[in-house]
Amino acid sequence: MILTVIIPIYNVEKYLKKTLNSVLNQKINDFEIILVDDGSTDESGAICDEFAEKDTRIRVFHITNGGVSRARNFGLAQATGDYIHFMDSDDLVEPEMYEQFSNIVKKEYPDIVMCGSLQINSRRHTEMVVAPEQVAFLNGRNQIAEYLNQIPLNDMKCLIHYIWNKWYKREFLLKNKLSFSPTLNLGEDYVFNCTALKSIEKIYKVPNTYYHYFIRGNSLVSAFQSEPWKSRQMLFDAHKELYESFGIWSENKNAIMLEEGKMCFAALRSVNSSRCELSFAEKTAFLRKFSDSEQMKLTVFYLKNSGKNLHRVWLFLIQKFNLFGIRIMLLADYAERRIRG
């Protein structure tokens, strides 16, 4: 069997049928689907069972709730396919995705094959394409190191940030004992990919947007994170270790620090988000902890090197007035975003 599709499921009754139908409507049939119902309290579990009764390619496992990483690890332990596709339970795949990937892996047998995605923000009603720049087969560590050394931003996102746009060779995952960290509830995909890429030998990439990723208001990605310095430090360390493994950290250090600083700045700004339910006292404690973290240093690095005039003003406020300056900056940022709409 060429493929195992692993889908962790938790309370997605509204979207699950469309997701499963998009997989079942693929142009090839040589795959199995493992549905891991992670303790859903809605009708998701019943929908899984209903689909399994109609199609023998589907296997359903109902487990106690333990998070998406544990559910993916559980599914991987049951898999029999040559390749693994980790899919989210509220997304869609285009009908030709599996056929095209199948043709690639039968010819080149890469450790990873990846594509682009169409990212749909359901709350803002916007769409964005994030895709590799061109078709390429990277065969060997030297070619991959060269690719990482000059990787375009969208290629970086496709390669490191996402897992759902890829097929992973199961033999490669098992050989390197790869699994998802159950201690992370945000960025587990990022850490998984950075760890996997340290041992990678072959990557095949295509720019086609075969995967449709939905950003919804209740997702972890869009939610306010109360302790972002913890997860962001793990992500930064994983990224650094990846580049060190290829011996190219020093020449890429500033670019990676700039990108990570941008993410840290976004985490700091999220205290203004409507999804932040902290009290004034809790926000003060949040800002105090953030200001003392390594992520504040990365935020300052980003503001200093972003090239934006407004960021220079905010940098001055932070460096001159410390915590009070951060508060002024956040108020100014909130006002500026409200004016822009």
Side-chain angles (χ1 to χ4, degrees), residues 2-7 15 18-19 21-23 25-28 31 72 83-139 143-144 146-169 172 187-194 196-197 200 202-216 219-222 235 239 242 255-256 259 262-263:
I2 197 166
L3 176 68
T4 297
V5 186
I6 297 173
I7 309 179
Y15 316 109
K18 284 186 176 180
T19 296
N21 281 325
S22 78
V23 178
N25 289 335
Q26 292 296 302
K27 294 182 177 180
I28 65 168
F31 60 86
R72 286 174 179 153
Y83 282 82
I84 304 294
H85 180 208
F86 297 105
M87 185 174 180
D88 283 359
S89 56
D90 59 347
D91 293 340
L92 302 173
V93 284
E94 293 190 355
E96 63 271 23
M97 177 180 178
Y98 288 1
E99 180 183 49
Q100 295 302 317
F101 274 30
S102 177
N103 292 337
I104 291 168
V105 302
K106 287 177 180 177
K107 181 179 180 181
E108 306 292 356
Y109 208 48
D111 298 320
I112 288 176
V113 55
M114 71 174 184
C115 65
S117 63
L118 178 66
Q119 304 193 5
I120 302 103
N121 192 312
S122 300
R123 188 170 61 89
R124 297 180 180 178
H125 306 290
T126 58
E127 295 183 355
M128 176 176 65
V129 170
V130 180
E133 286 191 352
Q134 59 189 9
V135 175
F137 179 41
L138 307 169
N139 190 357
Q143 288 188 15
I144 294 171
E146 183 179 349
Y147 173 56
L148 289 172
N149 213 13
Q150 53 188 357
I151 190 168
L153 178 59
N154 277 351
D155 278 64
M156 175 70 78
K157 290 180 179 179
C158 292
L159 182 65
I160 293 181
H161 290 231
Y162 317 137
I163 62 163
W164 29 255
N165 66 327
K166 299 176 182 70
W167 281 13
Y168 299 85
K169 189 193 298 180
F172 168 77
E188 69 281 352
D189 301 3
Y190 192 105
V191 172
F192 179 86
N193 280 327
C194 284
L197 290 167
I200 208 81
K202 296 180 180 180
I203 300 172
Y204 201 108
K205 64 188 185 85
V206 296
N208 309 69
T209 55
Y210 292 133
Y211 195 92
H212 293 194
Y213 174 71
F214 289 83
I215 303 167
R216 308 185 194 277
S219 71
L220 278 173
V221 171
S222 61
L235 270 57
H239 204 162
L242 166 61
I256 292 172
E259 182 63 22
K262 182 179 180 180
M263 296 299 101

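Just so it is clear, the values below take in all heavy atoms, side chains as well, and ignore hydrogens, waters and symmetry mates.
- Residue-environment remark: CD (E146) stays at or below the threshold of 12 foreign heavy atoms within 6.0 Å.
- Counting all heavy atoms, side chain and backbone alike, P132 lies closest to P207 at O-CB, 3.2 Å.
- A distance-only check finds a donor-acceptor pair linking the side chain of T19 to the backbone of D91 [under 3.5 Å].
- Expressed to the nearest 0.5 Å, how far CZ of F86 lies from NZ of K166 amounts to 11.0 Å.
- With F192 as the aromatic partner, R72 does not meet the cation-pi criteria of under 6.0 angstrom to the ring centre and within 45 degrees of the ring axis.
- Side-chain contact check for Y168 and N193: at least one donor-acceptor pair (N or O, by modelled atom type) lies under 3.5 Å.
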Checklist entry - Does the pair D155 and Y147 meet the rule for a side-chain contact (heavy atoms from CB on, under 4.5 Å), with working shown? => result CA-CA 10 Å; D155 278 64; Y147 173 56; 2.7 Å; yes
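- Interatomic distance, OG of S117 versus NE2 of H212, reported as 9.0 Å (0.5 Å rounding).
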Checklist entry - Is there a side-chain contact (heavy atoms from CB on, under 4.5 Å) between V23 and N21 once you walk through the steps? => result CA-CA 5 Å; V23 178; N21 281 325; over 6 Å; no
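- Put simply, CZ on F172 and NZ on K202 are 12.5 Å apart, with the number rounded to the nearest 0.5 Å.
- In this structure, the side chains of N25 and P95 stay at 4.5 Å or more apart for every pair of heavy atoms.
- Identified under the salt bridge (Lys or Arg N to Asp or Glu O under 4.0 Å) test for residues 100-121, with sequence neighbours left out: D111-K169.
- For the 3.5 Å distance criterion, the side chains of Y210 and N165 fail to qualify, holding no donor opposite an acceptor.
- Checking side-chain atoms of Q143 against main-chain N and O of N139 turns up a donor-acceptor pair under 3.5 Å.
- Q26 is linked by a side-chain contact (heavy atoms from CB on, under 4.5 Å) to F31, V93, M97, Y98, counting only residues two or more places apart in sequence or in another chain.
- Counting heavy atoms from C-beta on, the side chains of R216 and Y15 come closer than 4.5 Å.
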Item to check | Trace of the ring pair (Phe, Tyr, Trp, His ring centres under 6.0 Å) decision for Y190 with H239 | outcome: CA-CA 8 Å; Y190 192 105; H239 204 162; 5.7 Å; yes
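- P110 has its side chain out of reach of I203: every pair of non-hydrogen atoms, C-beta onward, lies at least 4.5 Å apart.
- To the nearest 0.5 angstrom, M114 atom CE is 12.0 Å from N208 atom CG.
- Interatomic distance, L92 CG to S22 OG, rounded to the nearest 0.5 Å: 5.0 Å.
- Minimum heavy-atom separation, N154 to A131: CB-O, 3.4 Å.
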Next on the checklist: Evaluate Y211 against D88 for side-chain contact (heavy atoms from CB on, under 4.5 Å), listing each step before the verdict.
Outcome noted: CA-CA 10 Å; Y211 195 92; D88 283 359; 3.8 Å; yes
Checklist entry - Would Y204 and V105 count as a side-chain contact (heavy atoms from CB on, under 4.5 Å) if you check the C-alpha gap in whole Å, the side-chain angles of each, and the deciding distance to 0.1 Å? => result CA-CA 9 Å; Y204 201 108; V105 302; over 6 Å; no
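- In this structure, the separation between CD1 on I200 and CG on L138 is 10.0 Å, given to the nearest 0.5 Å.
- I84 has its side chain out of reach of L3: every pair of non-hydrogen atoms, C-beta onward, lies at least 4.5 Å apart.
- Inter-residue side-chain proximity for W167 and S102 is flagged as met; some heavy-atom pair is nearer than 4.5 Å.
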Please tabulate, for side-chain N and O atoms in residues 157-164, each donor-acceptor pair with protein atoms closer than 3.5 Å (sequence neighbours left out).
{"unit_1": "Y162", "atom_1": "OH", "unit_2": "Q119", "atom_2": "NE2", "d": "2.9"}

